[in-house]
Amino acid sequence: MARSAIDTFISAFNASDDSYVTALLSQALTSDVIFWGPLGRSEGIAAVERFVLDIRRHPAGTGTMVRCSAVDMPDEWARYQWVFTMPDGGPRLAGTDIVHLRRSLIDQVIVFAGEIEPSAS
């Protein structure tokens with residue numbers, strides 16, 4: 001259940017054309033989705049679509065987003081790791097998303113971009 005919604009969400013970043021992004025997000029997200037991204041909190045599929053399109057239109061070119069871990073889902077919350085790679089081996093960004101599901105759709109996304117450094121002991 002969670003894996004399907006998550007993989008459809010990620011596929012929006014890799015759509016062959018911008019015109020497919022909204023349809024893919026609508027298959028994965030609730031209409032009132034809450035998105036906690038790098039720029040703060042936003043609500044609704046349109047806000048998530050703006051985020052996805054901004055990443056797709058990066059000046060370095062269209063990158064590739066992939067889920068690079070299993071989906072860990074205790075109850076209605078799930079987490080997974082992802083990697084975003086720019087074309088021609090350009091900059092790479094990794095992170096972890098935490099999502100909440102309601103009726104098999106994602107209604108909250110919390111994006112943690114970047115690696116977490118080990119604590120100094």
Side-chain angles (χ1 to χ4, degrees):
M1 164 176 79
R3 189 173 356 137
S4 176
I6 289 165
D7 288 346
T8 302
F9 171 62
I10 289 173
S11 72
F13 291 89
N14 303 319
S16 60
D17 187 272
D18 285 352
S19 63
Y20 299 123
V21 171
T22 303
L24 289 166
L25 293 176
S26 295
Q27 293 173 34
L29 310 174
T30 62
S31 60
D32 62 346
V33 63
I34 299 171
F35 184 77
W36 296 89
L39 302 176
R41 182 184 190 273
S42 57
E43 292 183 37
I45 290 176
V48 178
E49 180 182 17
R50 282 190 299 277
F51 176 78
V52 171
L53 292 174
D54 284 348
I55 289 178
R56 289 174 52 85
R57 295 174 181 150
H58 191 279
T62 303
T64 303
M65 176 78 72
V66 296
R67 179 172 54 84
C68 61
S69 74
V71 173
D72 179 27
M73 186 173 180
D75 205 14
E76 73 266 10
W77 289 95
R79 67 178 173 164
Y80 61 93
Q81 294 179 318
W82 52 265
V83 174
F84 186 78
T85 305
M86 297 307 296
D88 302 326
R92 179 180 182 269
L93 181 63
T96 300
D97 285 0
I98 309 293
V99 298
H100 183 267
L101 286 99
R102 182 175 74 216
R103 293 186 302 275
S104 302
L105 295 173
I106 298 168
D107 68 351
Q108 293 185 59
V109 180
I110 306 169
V111 177
F112 292 94
E115 305 285 335
I116 297 177
E117 298 297 322
S119 61
S121 301

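Computed from a predicted structure; not experimentally measured. Quick note: residue numbers are just sequence positions, from 1.
- The CD atom of Glu49 lies 10.5 Å from the CG atom of Asp54; values are rounded to the nearest 0.5 Å.
- Separation of atoms CE (Met86) and OG1 (Thr62) is listed at 7.5 Å; rounding is to 0.5 Å.
- Linking ILVMFWY residues whenever their side-chain heavy atoms come closer than 4.5 Å, directly or via other members, places Phe84 and Val21 in the same cluster.
- Phe35 and Trp82 fall within a single hydrophobic cluster, where Ile, Leu, Val, Met, Phe, Trp and Tyr are joined by side-chain heavy atoms under 4.5 Å apart, directly or via other members.
- A 4.5 Å side-chain heavy-atom check between Asp18 and Leu53 finds at least one atom pair inside the cut-off.
- Across all their heavy atoms, Ala28 and Ala5 have their closest contact at CB-O, 3.3 Å.
- In the hydrophobic clustering of ILVMFWY residues, with side-chain heavy atoms under 4.5 Å counting as a link, Val33 and Met73 come out together.
- Under a 4.0 Å N-O distance rule, the pair Asp97/Arg67 does not qualify as a salt bridge.
- Under the 4.5 Å side-chain heavy-atom criterion for grouping Ile, Leu, Val, Met, Phe, Trp and Tyr, Ile45 is connected to Ile106 within one hydrophobic cluster.
- With rounding to the nearest 0.5 angstrom, the CG atom of Leu101 is 9.0 Å from the CD atom of Glu76.
- In this structure, the side chains of Ile34 and Arg41 come closer than 4.5 Å at one or more pairs of heavy atoms.
- At least one side-chain heavy atom of Leu25 sits under 4.5 Å from a side-chain heavy atom of Phe9.
- Here the straight-line distance linking atom CZ of Arg56 with atom CG of Asn14 works out to 7.5 Å at 0.5 Å rounding.
- For Arg102, the CZ atom sits in a packed shell: over 12 heavy atoms of surrounding residues, nucleotides or ligands are nearer than 6.0 Å.
- Residue Tyr80 is not grouped with residue Val83 when hydrophobic side chains (ILVMFWY) are merged at heavy-atom distances under 4.5 angstrom, including chains of intermediate members.
- No side-chain donor-acceptor contact under 3.5 Å links Gln27 and Thr8.
- The CG atom of Leu24 sits 10.0 Å away from atom CG of Leu29, with the distance rounded to the nearest 0.5 Å.
- Here Ser42 contributes atom OG and Arg50 contributes atom CZ; the two are 7.0 Å apart, rounded to the nearest 0.5 Å.
- A heavy-atom distance below 4.5 Å is not found between the side chains of Trp36 and Val109.
- The backbone N or O of Ser19 lies less than 3.5 Å from a partner atom in the side chain of Asp17, making a donor-acceptor pair.
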